[in-house]
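In what follows, a structure is listed as structure tokens, so that the remarks can point back to it.
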Amino acid sequence: MTDEAPSWRPSATRETLARRAALFADVRRFMAERGVMEVDTGVIGRAPPAERGLDALSVAGAGWLAPSPEHALKRLLAAGSGAIYQLGHVFRAGESGRWHNPEFCMLEWYRPGARMADVVEETAALLAAVAGTSVVERVRYRDVFREHVGLDPLAAGPAALARAADERGVAPPGAPADSRVFWLDLLMSVVVQPRLGRNGPVCVSGFPADDAVLVEIEPADARISRRFEIYWQGVELANGAQELTDPERARAAMARENEAREAAGAAPVPTDTALLAAMDHGLPASAGVALGVDRLLALMLGHDGIGAVLPFAWARR
Amino acid sequence: MAQFNTNQFKGGLKIILDGDPYTIVENEFVKPGKGQAFNRVKVRNLKTNRTVERTFKSGDSVEAADVFNLDLQYLYQDDEFYHFMEPNSFEQYQASEAAVGDAAKWLKPQDHCDVTLWNGVPLQVDAPNFVTLAVTETDPGVRGNTSSGGTKPATLETGAVVQVPLFIEEGEVLRVDTRKGEYVSRASEG
């Protein structure tokens, strides 16, 4: 078996590249009209994010390729930047598939003084302006999970969640039986998510707080985080939140994530002390959202994956 | 024992699940932005041909199945096995009735078959797409009728029965498409 040399040719057609360029221009126009300033923080950071589900690529002797510009943008917010956005490439080790590429284009923006509901509305407005669609449905995570899995995701223990996965034939071998986060991720991504957004983008809010890191917790119910996702045609398109401002909670959450990494046999990651110092200084109450631009373009153009909208997909890099 | 990591998964990869050999039909990487990554795969059981869906944690490894295909020459059948030979090494292989399955009715000694081996044992035998077989029994032919429609059953030397045009006589050698089980032409016209 010999591997053929990858083609030198682009993955996207000339026409798709033109649509891609037009989308970038539309996004920048939308942000400019709303007074959100473009920034371009570096792609290499001193420390990776703490979230256990993010695997950053390291750069020898320099740091880590950012899986999202979140930390740098929050340091700008703490320094008084006002509303900002970044449209640029981010990097995630090992994420390769129809809807994944280890390097992809992300639009991420933050508004000081905004609540989560404000950025949900702004995301809907963005989709209307650049994609000719909007958020057609707003549901709570708890309700949509109950509808498709038949369990209350806030109350169900890992054993009940594992049983639900097993009954549907989706439980993988070697699963960490006692991890609620693991089973929630599994059921959400293979049972619930494929059914979401078939009639247009849907906003799901109020994710379980189990793995929340830089996200505010619902004051009335500590089991719920103020996080939302937008799904369109079964694809995760955007993730946003009311941003956590308390540095002590951030420290505790980051430590917890590293423990989870080690429990799963992965190496712990260094803590981003610059972000924590910025939060110590004072991060303004803000809400923010990150949106996968390649996925948005692919869905707009009716492709069944992002390969056809990338200038060069991973296999042709 | 050889292993495949989920990041090597792709269509056609042969793996062992619950002790049986499977081939990957489709592999889908699934991952919530901030969460756990999974591989959802459609796999076909090479013994039963049934296709099922399985989920793996991305990064896990699965045992590789020692499955490969050989072009083997069919020799003969005895009470228990169908016997095949690799024409270059002369190495012989015995295939069970289950492995030969529907291919049995097309097998003529000397013909070559694509045989799937698992741990060196035939798992599946595919008859050649086209075979040439003699007619051993059919109603008398209708002379001169070489084009118009109408067919009749004909029994071939391997025991298979196919529909043939009315003009075909006993003893004639035919070309047959084994995938459809259909007469194609007289071998002399092939």
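What you see below is based on every heavy atom in this structure, not just the backbone, and it leaves out hydrogens, waters and symmetry mates. Chain letters run A, B, ... following the sequence lines, proteins first and then strands; every chain starts at 1.
A salt bridge does not link A/Glu95 to B/Lys34: none of the charged nitrogens lies less than 4.0 Å from a carboxylate oxygen.
Atom CZ of B/Arg50 has 12 or fewer heavy atoms from other residues, nucleotides or ligands within 6.0 Å. Around CD of B/Glu157, the count of heavy atoms belonging to other residues, nucleotides or ligands within 6.0 Å exceeds 12. At most 12 heavy atoms of other shown residues, nucleotides or ligands fall within 6.0 angstrom of atom CD in B/Glu137. Other residues, nucleotides and ligands place more than 12 heavy atoms under 6.0 Å from the CZ atom of A/Arg256. In the displayed structure, B/Asp66 atom CG is contacted under 6.0 Å by more than 12 heavy atoms of other residues, nucleotides or ligands.
When atom types are taken as modelled, the side chain of A/Asp185 and the backbone of B/Gly35 share no donor-acceptor pair closer than 3.5 angstrom. A/Arg92 places a side-chain N or O within donor-acceptor distance of the main-chain N or O of B/Gly33, the cut-off being under 3.5 Å.
Proximity to chain A (any heavy atom under 4.5 Å) is restricted, for B/Glu28, to the side chain, taken from C-beta onward. With a 4.5 Å cut-off on non-hydrogen atoms, B/Asp60 touches chain A through its side chain but not through its backbone. Proximity to chain B (any heavy atom under 4.5 Å) is shown, for A/Ser189, by both the backbone and the side chain. Both the backbone and the side chain of B/Phe56 come within less than 4.5 Å of a heavy atom of chain A. If you measure heavy-atom distances from A/Leu186 to chain B, the contacts under 4.5 Å come from both the backbone and the side chain.
Contacts with chain B were tallied for A/Pro173, A/Gly97, A/Gly169, A/Pro49; A/Pro173 has the most, counting heavy-atom pairs under 4.5 Å. Contact tally against chain B (heavy-atom pairs below 4.5 Å) for A/His100, A/Glu51, A/Arg52, A/Arg98: the top residue is A/His100. Your options are A/Asp211, A/Val213, A/Val190, and the one with the most heavy-atom pairs under 4.5 Å with chain B is A/Val190. For chain B, the option among A/Ser96, A/Gly94, A/Ser68 with the highest count of heavy-atom pairs below 4.5 Å is A/Ser96.
Between A/Val170 and B/Arg54 the shortest side-chain heavy-atom distance does not fall below 4.5 Å. The shortest distance between side-chain heavy atoms of B/Lys31 and A/Trp99 does not fall below 4.5 Å.
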